[in-house]
Amino acid sequence: MNIIRRITLATGLLLCLPAWAQEPIVIKFSHVVAVDTPKGKGAEYFKKLAEERTGGRVKVEVYPNSQLYKDKEELEALQLGAVQMLAPSLSKFGPLGVREFEVFDFPYLFDGYADLHKVTQGPVGKQLLQRLGSRGIVGLAYWDNGFKQMTANKPLRTPEDCRGLKFRIQSSKVLDAQIRALGGIPQVLAFSEVYQALQTGVVDGGENTASNIYTQKMHEVQKYLTVTDHGYIGYAVITSKKFWEGLPADIRTTLEQAMEDATDYVNELAKKENDDALSAIQTSSNTEIINLTPEQKRAWKKALLPVHRQMEGAIGKELIQSIYQETGFDPSKL
Ligand code: LMR
């Protein structure tokens, strides 16, 4: 076959193929945490499954550590189509106008991961994800991180110890109320700015999971960590409706299955990641770990539980009640 005929044939073949067969579909997955965290590992695992199972028709590019965008920017980028997938913490959906997710910020609402999964893997969780539809967003899954601990440069044994201190929070009204209930001063900062803010004293302390504290080296600039387990950090994995609905149906189904498997993977490893990170912080011996006595823990609960009632108007009584029902939380504790 002469060269001209060969080229003509090859070009003809290419033209016959649909666009997706020539170029892989690229999913840019942006997130703010380190690779070595539940979310970081989940994104990598999703990439592996998606690429393998679509035979390379989908390429997932993961951008960790706020490399591409910070908290608020990434949501804008998704809406503009600059990225296709994110997993923002449930505390960060307020700027999108979906405040209901902040119910997951309620202090001492969940007793552990099993309690949480009754919500995130049940009908209430599903309904919440569906609310994103009105914002042009598809909620694909919930991914766990874990329970939050308080850090500062002074020991926080009682809620009163927080009085007058500035604490970094995520952009959530519930978290704002929570810090105020402790007598602290809340300050919203993007995750990528926390280390420096702690180091330079812009804020005195913070609240985060051991996994986030350790992988961002926050413990190196905080002398004390109190194991309060007072709240939860988890994520909604999201994509834009326009992108998702524009995918060939078989690809979408394969990706849905990959997401389900990646979700199981993340939710199985999250607790261990946090336990290991807490041990690593302890071993680093820069930060003293404070374990609360049952009596001290009761004092933290007493100080923080009134936030539930206080946020009823903002979050919705019905939603709160439905979560109490799912988890068996006893509102008479309030
Ligand atoms: C934070 O901002 O502290 C967390 O939401 C970061 C994350 O994504 O886990």
Side-chain angles (χ1 to χ4, degrees), residues 29-44 46 62-75 77-78 83 85-96 98-99 101-107 113 116 120 139 141-152 166-176 178-179 186-199 202-203 205-219 221-222 225 228-238 263 266-267 269-271 273-274 277-278 281:
F29 190 151
S30 171
H31 69 80
V32 298
V33 294
V35 178
D36 224 5
T37 55
K39 176 161 64 180
K41 290 186 174 177
E44 294 299 331
F46 172 72
V62 182
Y63 298 93
N65 255 323
S66 311
Q67 232 172 61
L68 274 191
Y69 301 107
K70 298 202 263 184
D71 294 339
K72 206 160 149 273
E73 298 163 2
E74 66 175 19
L75 284 166
L78 185 80
V83 293
M85 211 170 265
L86 306 173
S89 129
L90 298 166
S91 320
K92 292 179 184 164
F93 283 84
L96 266 187
V98 190
R99 287 247 170 247
F101 282 119
E102 291 179 16
V103 74
F104 289 98
D105 291 329
F106 273 28
Y113 288 90
L116 240 151
T120 53
Y142 289 99
W143 284 2
D144 284 331
N145 184 333
F147 291 87
K148 289 180 289 186
Q149 322 303 349
M150 302 288 300
T151 62
K166 265 191 245 150
F167 288 96
R168 178 269 171 172
I169 57 163
Q170 306 176 77
S171 62
S172 150
K173 296 274 180 261
V174 172
L175 297 180
D176 185 286
Q178 173 202 265
I179 295 299
Q187 183 153 348
V188 175
L189 287 174
F191 185 63
S192 56
E193 292 161 4
V194 181
Y195 175 88
Q196 207 184 358
L198 291 170
Q199 188 188 35
V202 167
V203 289
E207 50 152 17
N208 226 307
T209 62
S211 151
N212 276 346
I213 293 168
Y214 183 67
T215 52
Q216 296 297 319
K217 302 188 193 313
M218 291 176 199
H219 63 295
V221 287
Q222 295 277 267
L225 180 156
T228 46
D229 286 327
H230 63 282
Y232 167 75
I233 291 187
Y235 312 104
V237 187
I238 57 174
T263 301
V266 175
N267 294 352
L269 66 76
K271 183 174 186 311
E273 289 287 313
N274 279 294
L278 190 60
I281 294 170

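Note that these values count all heavy atoms, side chains included, but never hydrogens, waters or copies made by symmetry. As the structure lists them, so they are numbered: ligands from 1, and atoms in each ligand from 1.
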Parallel, tilted or perpendicular, as decided by the 30° and 60° cut-offs, for the rings of Phe101 and Tyr142: perpendicular
Carboxylate-amine/guanidinium contact Arg168 Glu193, below 4.0 Å: no
Whether Phe147 and Tyr232 hold their rings parallel, tilted or perpendicular, with breakpoints at 30° and 60°: tilted
Under 3.5 Å side-chain donor-acceptor pair for Glu273 and Ser211: no
What does the N/O contact table under 3.5 Å look like for ligand 1?
| residue | atom | partner | partner atom | Å |
| --- | --- | --- | --- | --- |
| ligand 1 | 2 (O) | Lys92 | NZ | 2.7 |
| ligand 1 | 2 (O) | Arg168 | NH1 | 3.4 |
| ligand 1 | 2 (O) | Arg168 | NH2 | 2.8 |
| ligand 1 | 3 (O) | Arg168 | NH1 | 2.7 |
| ligand 1 | 3 (O) | Asn208 | ND2 | 2.8 |
| ligand 1 | 5 (O) | Lys92 | NZ | 3.0 |
| ligand 1 | 5 (O) | Gln170 | OE1 | 2.6 |
| ligand 1 | 8 (O) | Lys39 | NZ | 2.7 |
| ligand 1 | 9 (O) | Asn212 | ND2 | 2.9 |
| ligand 1 | 9 (O) | Tyr235 | OH | 2.5 |

Asn208: side chain to side chain donor-acceptor pair (under 3.5 Å) partners, not counting sequence neighbours: Asn212
Shortest non-hydrogen contact from Asp144 toward Pro38: O-CB, 3.6 Å
